[in-house]
Colleague: 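Below is a structure I'd like to ask you about.
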Amino acid sequence: MGVSRARDRRWRAATPLCAAAALATLASCGDRPAATPPAVDRQVGPLFVDRTAGSGVDFVHRRCGAGDKLIVEITGGGVSLLDYDGDGDLDLFCCQGAPLPRFEATGLDLRDRLYRNDGGWRFTDVTAETGASDDGYTYAAMAPDVDGDGDPDLFLCNDGRNTLLCNDGGKFVDITAQSGALDSPLFTTAAAFVDLDRDGDLDCYLCSYVLESRALKRCGSTVRTAAVRSYCPPSAYPPAPDQLLRNDDGKFVDVTKESLRGESLGTGLAVVPCDYDDDGDVDLFVSNDGQPNYLWRNDGGLRFTDVAVEAGVAVNGAGLPEACMGADWSDIDRDGDFDLIVANFSGEGTTCYRNDGRGTFEDWSIASGLGPPSMLYVGFGCEFFDWDHDGDEDALVVNGHVLDDAARSNPLFTFEQPPLLMENGGDGRFTAVAPPRAGPFFARAQVGRALAVGDLDGDGDLDAVTAVNDGAPCLLENRVGQLQRWIGFELRGRGKDRFAMGARVTIEVANDPQPRRMAEVRGSSSYGAWQELAVRFGLGAHEGVSSVEVRWPSGAVTRHGALPAGKLHELVEPK
């Protein structure tokens, strides 16, 4: 979205000039054998197929505005993937808005919705029987195991007070009142649940956007002497403070003042945990809309220092803050450290920060190929994942403008925009995949927002769900990943961190020139989304891995020998 009062005009007049310039217990889960895959024809398509029709997912996101163009209306649209019933497949949660002043809600179903995965791309709405909804204006739904009982709960990030729904045998019970500071009244856009102090339970970082989000602001321009009313940029509102919450036996205590060494008053839209400096504890990246980003380095003892400026991720390579939305970490060039992607406003393009292995980053947006194709778009959901299972991390970015009249000032801009599917050439350099090969969905213009990735059909490869502001979500089936070998891991931690949030898995692939690959258990990434918690690796033609190492949140390290491909292996932290 916007950047500062001096740069508000970029909402209307930004031009894509830069585009031209540029151990343990080990068990095997799942019955699928490690069959020899056929050779992949790189020209066969479509790579992804829209399976929404006939799936039973009938959700429609509502902006719930009445013409006042409040900022709360235009950035919403969240989706999450979680196995709420423990049957081994991923269920779907869709986030809904709530009536704003003068909005007529008669006859509309404005509940958040939970859909049970019945297999074969069929889903059943189980919202009523599970109680998985609230009355808030929900932006994102996190699905951590807050109480440590082995099943995912639901934390609803709202514009207004948040809601914590405890999963009690597949029924959700509102325990917000007992949760302490999770009951924040701020405009919460995202949350990261991870063991930040290594005491065995999940702490929380709450990412907040702006204050006065429902205040009536007058923004716009004059076109041919007629006044045009537009959505205001975030700089028209006071920024909101992020919060760091410590888990004290199930009750969350606000420790922001004593824990964050740096200013946390910003316009946050995403928070993504990652041990970027490889020192064994979890750090946090926060993407801010129009203000410098945060990179909270974990100094131990629940003390964090914002090192974004010295690390090189606060602003872009030109020294300018960007309108940052979604974000994700991955080792895109396979050099043993995590790189960063951030989706931005039109005229800025997607930013790629390459990790030099010393804890600092360079703006690699043009060199990576991620920046130029995105210059006309406003990116929101973005995720690295190896959709073709060839052994490197590809990318998907979901786009949609925040101005429904964007073309008035710049005919190159549109409100509805197509997503971008990006293929990694193996060295961290990406090429956009054209819609005929990618699939018809990638030629479809929508007001895209959230993106969640996971194996929805149990065939081993990663599918995707995208959300639309004031529209219906899309379920995308991956048709190419299962043609190559893969291996996956589900981690089971001891204590109350049952899903081992923040754990790192490193594999070695025999007879590969770059054998080491790594990934972390995150959940919170992209924009407005919760991801599948299983860690998956594409292996291409390789039959398996020669070794696996897990670094658990507690600091324990377990190592395993050769494991076969084509299976989701369960690894359990030792006592």
Colleague: In terms of heavy-atom contacts, does CZ of Arg161 have more than 12 from other residues, nucleotides or ligands at under 6.0 Å?
Modeller: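 Count over threshold, so yes.
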Colleague: Report the residues that fulfil ring pair (Phe, Tyr, Trp, His ring centres under 6.0 Å) with Trp364, sequence neighbours left out, ordered by chain and then residue number.
Modeller: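 Counting only residues at least two positions away or on another chain, Trp364 forms no ring pair (Phe, Tyr, Trp, His ring centres under 6.0 Å).
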Colleague: Test: side-chain hydrogen bond (donor to acceptor under 3.5 Å, both in side chains). Region: residues 304-316. Which pairs qualify, not counting sequence neighbours?
Modeller: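 Output for this query lists Asp299-Thr305, Asn316-Glu322.
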Colleague: What distance separates Leu245 CG from Asp183 CG, expressed to the nearest 0.5 Å?
Modeller: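 Interatomic distance, Leu245 CG to Asp183 CG, rounded to 0.5 Å: 11.0 Å.
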Colleague: Judged by atom type as modelled, is there a donor-acceptor pair below 3.5 Å linking the side chain of Ser374 to the main-chain atoms of Gly371?
Modeller: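 Looks like yes, one N/O pair under 3.5 Å.
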Colleague: Ring-plane angle category for Trp296 and Tyr205, please: parallel below 30°, perpendicular beyond 60°, tilted otherwise.
Modeller: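 Taking Tyr205 first and then Trp296, their aromatic rings sit tilted (interplane angle of 30° to 60°).
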Colleague: Given the ring of Phe537, does Arg517 sit roughly above its face, with NZ or CZ under 6.0 Å from the centre of the six-membered ring and within 45° of the axis?
Modeller: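 Judged by the rule, Arg517 and Phe537 form no cation-pi pair.
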Colleague: With a cut-off of under 6.0 Å to the ring centre and 45° to the axis, is Arg522 in cation-pi contact with Phe338?
Modeller: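 Here Arg522 passes the 6.0 Å and 45° test against Phe338.
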Colleague: Is there a side-chain contact between Asn469 and Ile74 in this structure, where contact means two heavy atoms from C-beta onward sitting under 4.5 Å apart?
Modeller: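 Asn469 vs Ile74: side chains touch.
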Colleague: What I'd like to find out is whether the side chain of Asp147 reaches to under 4.5 Å of the side chain of Cys166, using heavy atoms alone.
Modeller: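 Of all side-chain heavy-atom pairs linking Cys166 with Asp147, at least one is under 4.5 Å.
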Colleague: Give me the one residue out of Asp333, Asp339, Asp331 that meets salt bridge (Lys or Arg N to Asp or Glu O under 4.0 Å) with Arg354.
Modeller: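 Among Asp333, Asp339, Asp331, the one that satisfies the salt bridge (Lys or Arg N to Asp or Glu O under 4.0 Å) with Arg354 is Asp333.
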Colleague: Take Thr75 and Tyr139 through the side chain to side chain donor-acceptor pair (under 3.5 Å) test and state the conclusion after the steps.
Modeller: CA-CA 8 Å; Thr75 50; Tyr139 258 69; 2.7 Å; yes
Colleague: In sequence, state the C-alpha distance, the side-chain angles, and the governing distance for Lys575 and Arg494, and then conclude on side-chain contact (heavy atoms from CB on, under 4.5 Å).
Modeller: CA-CA 7 Å; Lys575 294 182 180 179; Arg494 299 291 183 181; 4.0 Å; yes
Colleague: Could you check if a side-chain atom of Leu156 sits within less than 4.5 angstrom of a side-chain atom of Phe93, using non-hydrogen atoms only?
Modeller: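 Sidechains of Phe93 and Leu156: in contact.
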Colleague: Does the pair Asp275 and Asp283 meet the rule for a side-chain contact (heavy atoms from CB on, under 4.5 Å), with working shown?
Modeller: CA-CA 5 Å; Asp275 182 11; Asp283 312 294; 3.5 Å; yes
Colleague: Please check this pair: side chain of Asn298 against backbone of Val282, looking for a donor-acceptor N/O pair closer than 3.5 Å.
Modeller: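 Yes; at least one donor-acceptor contact below 3.5 Å.
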Colleague: May I ask you to check whether Asn158 and Thr138 show a side-chain donor-acceptor distance below 3.5 Å?
Modeller: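 Thr138 and Asn158 do have a side-chain donor-acceptor pair below 3.5 Å.
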Colleague: Taking side chain as C-beta onward, heavy atoms only, is Leu320 less than 4.5 Å from Val315?
Modeller: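 SC-SC contact between Leu320 and Val315 ruled out.
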